[in-house]
Every structure is written in structure tokens, then in C-alpha cells.
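As C-alpha cells, the structure follows; a few thoughts come after it.
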Number of protein chains: 2
Amino acid sequence: MAGTTIYQVAQEAGVSPSTVSNLLNGRTGKMLPETRARVETAIRRLGYRPNRAAQQLRTGRIQMLGLIVPSVANPFWGTFARHLEAAALAEGFYMLLCNSERDRDRERHYVEELWGDGIGGVVLCSSLPSLDHVKPTVEAGLRLVAFDRTAQPGDPHSVVNIGTDNVLGMRLVTEHLLGLGHRRLAFVSGSIGSINRAERYSGFQQAIEAAGLPQEAGIVWSGADTLDFDDRDTAELGRSAARELLAAANPPTAIVAINDMCALGVIAGVREAGLTVGRDISVVGYDDIMLASMAMPGLTTVRQPVEEMASTAFTKLRQGMESTADSAGHSVLHRPRLIVRDSTAASAALAVKTPAHQGGTR
Amino acid sequence: MAGTTIYQVAQEAGVSPSTVSNLLNGRTGKMLPETRARVETAIRRLGYRPNRAAQQLRTGRIQMLGLIVPSVANPFWGTFARHLEAAALAEGFYMLLCNSERDRDRERHYVEELWGDGIGGVVLCSSLPSLDHVKPTVEAGLRLVAFDRTAQPGDPHSVVNIGTDNVLGMRLVTEHLLGLGHRRLAFVSGSIGSINRAERYSGFQQAIEAAGLPQEAGIVWSGADTLDFDDRDTAELGRSAARELLAAANPPTAIVAINDMCALGVIAGVREAGLTVGRDISVVGYDDIMLASMAMPGLTTVRQPVEEMASTAFTKLRQGMESTADSAGHSVLHRPRLIVRDSTAASAALAVKTPAHQGGTR
DNA sequence: ATTTACTGGTGCATCGATGCATGAGACTAG
DNA sequence: CTAGTCTCATGCATCGATGCACCAGTAAAT
């Protein structure tokens, strides 16, 4: 809108528009240093900036990527969005943000719309097990990086998956609890429909088995039909889970929540039941959102290296967009990390020989 | 990228590209219903979608707006972004997201970049008192809606400001506390540099004055030099404030925090001091972020009608972008609302004649 | 029959950048 | 002095949609 065109620059520098274009696009091979300098000066003097619309129209490409997340109101996605934007911006790419609200049709619609508008690459954060709804677009040529998801049979070829090892992550916290002497753990989740929820659950089970404990040591509390897609609901879910679990006969000594929001709800529920988290009962979450460190007590959880993952996502996307050959898809698994805080402590059964408030490396 | 052009549609329908264009742009005045139907069928059959780059190049306009926030990692901005996107999308606008990290230069850079790329409207969420850094761009024609900010002398003419009445909001909570019998209140904030912080402070003072209390009834705790720009820091600030205030002789019976994050820190600090929020001392925040309702106890706070504000922001932006005349700027003040939860209760001085846990309409 | 009026639709230049094919000029070789 | 070789720069068609100015028809008026 500044309105300076390549023609004005050309005139100012006393050359043709082609020359300016050549310079702009790095075709400086055969160009007198003097000419080059003249053009560069003119560009600077006029404050010329190429018109992106014209560039895109001509080249078909555009320096922009799309990000589709369930909802940026959720701090986990907000954080991811921020890091992805930073990675993109460093290479001159803009980022279009889209909230899918976890709706399949909205995901599809966005993907098609973005593709139709000339955006060549999209990072899709979907919790859906299948990518069928976007398959046609991907097969038409869209570069798709799926985030927080593991490759599934039937996925379109070129899709790159980026995530953390959920099985491992959940094993880590579960083993942490087992190491503290807990022998009766509850796993709290909404429906285990999404891929990573299933993976997390599997990690939980594996840890219990590996410890040689009977299946019954792991109680599963699943709000089955609850539509726990909203964060507030997720937390609420944790709250009711805690209430129910603690009211039952032979309650667990530790509760494993499917994610941090859920864990925060659990903490609230435990407190309402008159117990103290980190003393009477241990609670762990997953994700390490900002609130996890600020909660009282600090929440033991599993951190996903979000920044690193964002950077990988952008790199992969870009690679895909540049090569014309249809690169084969694959998965990049980042390593999750156990973050121990004060919400976990030795099981009450051992509490006699261990100081009550121990357990946190803060 | 689908690649169907207006020419193909024209051929398919047996008309000229102009006719298709006319239909697409609503110039259907003089067009036989039959012709119209033929074209519409062709469009559907070919799955034609106008090429946005070409449209933009031709018309100069683009159906896209920019949103600049301090950081979407902060749930308050995340929520706002989500609502703004929804409002924009309903009218066929995309939203480009930019994180300024509260940096003046980044704000300027983004504004210039967006303008240079043909984006005609930007919603800027800046905490800076002055808009001088973006003034040139606004004067060049960019439509700017400033969010969470009140008009200041020296602002560019066309800027529309959207916010809530911070003075009123803070008066509301402060009066709520006074009504509960509190006579010694502390106001906790980092440096009161930004406009809305100053406004909030002013509301606090006004309420105290209006109640006929002496100036000294309002203690001001200001972390002066602290760089409390990160959320974590803000909470930390509240924590230290609480500790210091409670350790002093003649401590306050109620603490007013500059925002919810800060209030959550205060709550943590109070708890560490061995006191119970909502009984021994009352705490209030501002913003009503999601966590406010999930904290223990639920935080009494002031809610900004975010969704409504987002909708206003979009409407104003759009109006500005459509009219060529440079509409005059103005401010839209939304009404904040007091949300009473369990973190406030009657002052301890009255506690003898009032049940301890009362006070919350939940 | 010729002009006037009107209806319904089309031709074409245009937006700004791109990059291939081509050309002008300088210089050397024969 | 012409042909051949280089070097450096330029002409021009192109991407797809837009919308004004114009034009073929047909109907009504003179």
C-alpha cells in the first residue's frame, strides 16, 4: 500500500524493471557492481517493498503458513503458536492462525481454504485419529505437518508427524510414583479416543506391568461420555474424578491425570475432600503448562519441549514446500522430560519413615 | 492452487469472463436469470474459487486483518484471539497473528510489514502509553483499532480505542471490599506505567475517597523497578507483595491485585504466611481469566466482556476499512462486571458477628 | 424506414512482479 | 572489415480477476 512499484525504482535507478527484479531475486551473476549499487540505492531511497500479491500471482508461491489448533485459548496451544510464529518469522514467513474448536469439519474447511488461497504448508494440531478429511487436499499437493500425533496407517504419504513419545512420558511419571512407593494408582481421563490419550494410557499400563504389579493396581477413571473438550470441562472432570475416587472404598494414593488442566481439577477436588496434595495423596499431570509451576503445590508433570518441536515443525514444513518432489512422510518423536515438583511425595504407607513434605526438586 | 480460472468457468458456461466476474461481484442487475443459473452451475461443477492473489492485485484490498498481541501464550490474549478470529471468519476475513512480546520495535515492525503486504486493518493490543511508533503508518492509511487502551492526546486521528472502564472496574471491586467492612486495603502492582494500570489505580483511590476514608487506608505496594512483563513474574510479584505486606505492622485486611495472575501469586503468598484467603484476608484480582474460577478459593475479580469486545473490535475495523473517508477515531468503553467468588469475605474485624465462610455468590 | 431507447452481455486495459529469450554494445580473431 | 564471442541489460508475455466503456440486438417512437 506504500505504493512504490518496481517501475518507479527502475526509473529512479535508470535501469529497466527487469534489472531490478533480477537483483531482487538474486540473479546477480552478470551484473555490474556499479549497476547493482545504483539499484540498491534507489530501493532504499524510495523505501520500495515488493507487492506480495503480485509476487504470489506470478510465482504461485506465498511466504505464509497456516496453523490450525483446537483453541488458542488453551495456553498449551498459545505457547506453541508463539514459538511457531517466532520460527516462521525468522525466515520471513507469516502465520495464519485458525481455531478448529476440535471440529472435524472446521479442520477440513480451513485446510481447503488455506490451500485454495495459495498457502502451501499447514501445521495441523488435530486430536482426531484419522486424517481422512484432509487427505484429498494433501494429495493435491498441500504440505501438512501433523503435530502432537503419531503416524497412523492410512495417512497420506507426505505427512510429517511431530510429537513426543507419550508412552515414554507417561511411563516416566508413573514410574516416578511407583518409585515413591505408591501401589494403588488411578488414571483419570475423559474418553480415550484420541491417539495420544491412548498412548498415554498405554504408558501408564506398561509401567504398572513392568513393576510386576497386578492389573488392579491401576484404577481407570474415565468420564466416558463427557464432552471434555473445553479446558474448563477438563478441569471439572478432574474435580469430580477426585471426589469419586476418594469417596470409594480403598482409594488410590496417587492420581495420574491425562493432562495438566485435568490435574489442576484433581487438586481442587482433593482439597475439597479435605486432603492435602503432596502429603496425603500425590497427583501428576502432563504437558507442563505455565500454571503447573504456579499451582499450589507445584505440579509434578511431563514437559514436552514445545519450542524445539515448533522449530522442527517449521523446518519440516519448509523443506516440504521447497522441494517439488513429494518427499516421503515420517515421524519425529521428541523426548518428554519428567518435571518433579511438590505434588508428589512418598506414599502415605511409607510416610512414617520419610518426612512428609519431601519429594520435590523445585 | 486448485487452478480453475475464471476463463474456464466462462467457457464452461458459454459466456465471457466478464459475466462471471459480474456475477461474482454482485453486479447481477441486468442479467438474465437463465444466464445466471448457467454460470452458477459451471462454478459449482468446476469447483471454482477465485484466486485471492489476483483479486488483491487488482482491487488492492485483501480480506485479512492483523492481530498484534503481547503474547498468545497468555490465556487472556489467547481467548481474545480466538473470539476475534471467530468474528472475522464469520465475514470471510482471515486473521494473521503476531506476538509483539511487548516490544515497541516489534510492534512497529509488524504494523509496517502488515501494511506493506496490503493488510488494511490491524488490531493492536499494546501496553505502551504512546502510539507514536505506528503513527506514520496509520497516517498513511492503515486502520488501527487499539485494544485494552484508552485514547490519549497525541494519538493519530483515525484510531479507534476499545477497552473497558478500568476506573469503574477497580471501583467496583474496591467498593465491594469496603462494603464487606474492610478499612485497610493494599493495592499491589508492578510499575504503574501503562495506561490501564494508572486507570485501575485511580479507581482504587476514588473508591477510598468516596467512602470518606483517609488516604492512608490505601496502602500501595509497587514493585517499582521490577520488570514484571512476564506472567510468571507477575505472579511472583504478588507472592512477595503478600509476604511483605503481611509481615509488616498493622497489615491490610484486603489485597487488591492489578490483575488475576498477580492475585494468584498473592494467594500463594498468603497461604505461605499461614493465613487463609477468604477468611483471614480477602484478595481480589482483575480480568477473570479462566484460572480465576479454578483457583482455591475462587477468585473475586472483574470480568472484561472479551467476546463482545472482540466483536466490536472487528466491526470497527471493518467499518474503517470500507469507508474511504477517514472516519474520526473514538473510544468504545465496555462495562466491566464484578464477579464475586470465595476469596473475599467480611473483614476479620466483623468476623465475630458474621459466619466465617460467607461472602461468595458463586 | 430510420432514429431513439433500452436490455443484456462482452472487449480490453490494468494491477505489479517475474524471468525467458533476445538484443545492443564492446572486444577479439581471422 | 566481417564474423564470432562475451557481457550486461532489456522487451514482453504472463499470472487471474476486475469493471468501465462499449456494442450487438430488439423494441418502441417518430
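Naming convention: chains lettered A, B, ... in sequence-line order (proteins, then strands); numbering from 1 in each chain. Predicted model, so just to flag it, every value in this text is computed and none were measured.
In terms of phosphate contacts, B:T5 brings no side-chain nitrogen or oxygen within less than 4.0 Å of OP1 or OP2 of D:dG16. Side-chain N/O atoms of B:Y48 include none lying less than 4.0 angstrom from OP1 or OP2 on D:dG16. Between B:T35 and C:dG9, a side-chain N or O to OP1/OP2 separation shorter than 4.0 Å is present.
Rounded to whole Å, the distance from CZ on B:R36 to C1' on C:dT7 is 17 Å. Computed from coordinates, the A:E34 CD to D:dT7 P distance equals 18 Å when rounded to whole Å. Note: CG (B:L23) to P (C:dT10) measures 12 Å, nearest angstrom. With rounding to whole Å, A:N51 atom CG is found 14 Å from D:dG16 atom C1'. When the C1' atom of D:dA9 is taken as reference, atom CZ of A:R27 falls 12 Å away, rounded to whole Å. Residue A:Q8 contributes atom CD, which lies 11 Å from atom P of C:dC15 at whole-angstrom precision. When the P atom of C:dG16 is taken as reference, atom CD1 of B:I62 falls 15 Å away, rounded to whole Å. A:I6 has its CD1 atom 11 Å from the P atom of C:dG16, to the nearest Å.
Nearest to the side chain of B:A54, among D:dG16, D:dA9, C:dG16, sits D:dG16. For A:N25, taking side-chain heavy atoms from C-beta onward, the closest of the listed nucleotides D:dC8, C:dG11, C:dG19 is C:dG19.
Nearest-nucleotide assignment on DNA chain C puts the 5′-proximal partner with B:K30, out of B:K30 and B:L57. Where A:M31 and A:Y7 each meet DNA chain D at their nearest nucleotide, the meeting point lying more 5' is that of A:M31. The 5' end of DNA chain C is approached more closely, in terms of each residue's nearest nucleotide, by B:N22 than by the other of B:N22 and A:T59.
Among the heavy atoms of the strands lying under 4.0 Å from B:V15 are primed sugar atoms or P, OP1, OP2 only; no base atom is included. Base contact: B:T19 has a heavy atom under 4.0 Å from a base atom.
A donor-acceptor contact under 3.5 Å is formed by the side chain of B:S18 with the base of C:dG11.
By the 6.0 Å contact criterion, CD on B:Q11 is open, its count of non-hydrogen atoms from other residues, nucleotides or ligands being 12 or less. The local environment of CD in A:E113 is crowded, with over 12 non-hydrogen atoms from other residues, nucleotides or ligands closer than 6.0 Å.
Classification of the A:F147-A:F76 ring pair by plane angle, with boundaries at 30° and 60°, yields tilted.
B:H133 pairs in a side chain to side chain donor-acceptor pair (under 3.5 Å) with only one of the listed residues (B:E112, B:E107, B:R108), which is B:E107.
Although no hydrogens or angles enter the test, the distance criterion places no donor-acceptor pair under 3.5 Å between the side chain of B:N25 and the main chain of B:R27.
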